[in-house]
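What follows is a set of notes on a single structure, which appears directly below.
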Amino acid sequence: MSEMSTLSSVMRRPGTYDVYAPSGPIGIVVDTSKHGPCVHSLKSTSPMLGLISPGDLIVALDGEDTRKMTAAALTRLMARKSRHRERKITLFS
């Protein structure tokens, strides 16, 4: 990925899309749904504003399927990866 990907970038595909989150906190609130973890809201300071929308399902993190995870399990996984240069989050809208 280019230097631009350390900021946030989006590559859209039909139904799913990928965002690249920078290291550190990404400022999203996640809920557990019957389809997997979904975005509840974004904090006003989130680097993901305009890239992720409330209601989107988080279906993978760095290629790891997250559809059967609870919001708490996904949050722990994201926290473990928070020092990575970037994280690829795959969402379904």
Side-chain angles (χ1 to χ4, degrees):
M1 298 262 38
S2 68
E3 286 299 313
M4 189 174 113
S5 66
T6 60
L7 300 171
S8 298
S9 63
V10 177
M11 291 191 277
R12 291 208 178 260
R13 296 183 306 211
T16 63
Y17 67 100
D18 298 327
V19 295
Y20 293 87
S23 64
I26 61 170
I28 64 171
V29 178
V30 180
D31 281 336
T32 301
S33 79
K34 65 181 179 177
H35 302 291
C38 69
V39 178
H40 175 76
S41 62
L42 290 90
K43 297 179 181 178
S44 62
T45 56
S46 173
M48 308 315 299
L49 282 173
L51 301 175
I52 293 177
S53 300
D56 288 351
L57 291 173
I58 301 172
V59 297
L61 179 63
D62 291 333
E64 182 177 341
D65 190 342
T66 59
R67 291 174 290 180
K68 294 186 182 198
M69 289 185 183
T70 63
L74 176 64
T75 300
R76 286 190 299 274
L77 179 61
M78 289 180 136
R80 283 197 305 273
K81 294 176 175 263
S82 68
R83 293 186 182 184
H84 291 192
R85 184 170 166 252
E86 73 177 13
R87 292 157 284 170
K88 177 182 172 185
I89 305 169
T90 304
L91 300 112
F92 182 81
S93 57

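The shown structure was predicted, so the numbers you read here are calculated from the model rather than taken from an experiment. We number each residue from 1, following the sequence as shown.
Ile28 is listed as a side-chain neighbour of Ile58, based on a closest heavy-atom distance under 4.5 Å. Counting heavy atoms from C-beta outward, Arg67 and Leu57 have side chains that stay 4.5 Å or more apart.
Listed for the Ser33 side chain is a donor-acceptor partner under 3.5 Å among the backbone atoms of Gly36. For the pair Thr66 (side chain) and Ala60 (backbone), a donor-acceptor distance under 3.5 Å is present.
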TODO: Give the C-alpha distance, both sets of side-chain angles, the deciding distance and a yes or no for side-chain contact (heavy atoms from CB on, under 4.5 Å) between Ile52 and Leu91.
DONE: CA-CA 8 Å; Ile52 293 177; Leu91 300 112; 4.0 Å; yes
Open item on the list: Using the rule given for side-chain contact (heavy atoms from CB on, under 4.5 Å), can you reason through Ile89 versus Asp18, listing the C-alpha separation, both sets of side-chain angles and the distance that settles it, and then say yes or no?
Closed with: CA-CA 6 Å; Ile89 305 169; Asp18 298 327; over 6 Å; no
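The two residues Met48 and Pro22 come nearest to each other via the heavy atoms SD-CD, 4.2 Å. Residue Asp31 comes nearest to Ala71 through the heavy atom pair C-CB, 3.5 Å, listed as atom of the first residue, atom of the second, then distance. Among all heavy-atom pairs drawn from Tyr17 and Leu51, the shortest one is CE1-O, 3.0 Å. Across every non-hydrogen atom of Ser44 and Leu49, the tightest pair is O-CD1, 3.2 Å. Pairing each heavy atom of Gly55 with each of Cys38, the nearest pair is O-CB, 4.4 Å. Between Arg87 and Met78, the shortest heavy-atom distance links the atoms NH1-O, 3.7 Å.
Salt bridge annotation for Lys88-Asp62: absent, with no cationic side-chain nitrogen under 4.0 angstrom from a carboxylate oxygen.
Rounded to the nearest 0.5 Å, atoms CG (Leu77) and CE (Met69) are 5.0 Å apart. Taken from OG in Ser53 to CG in Leu42, the straight-line distance is 7.5 Å, to the nearest 0.5 Å.
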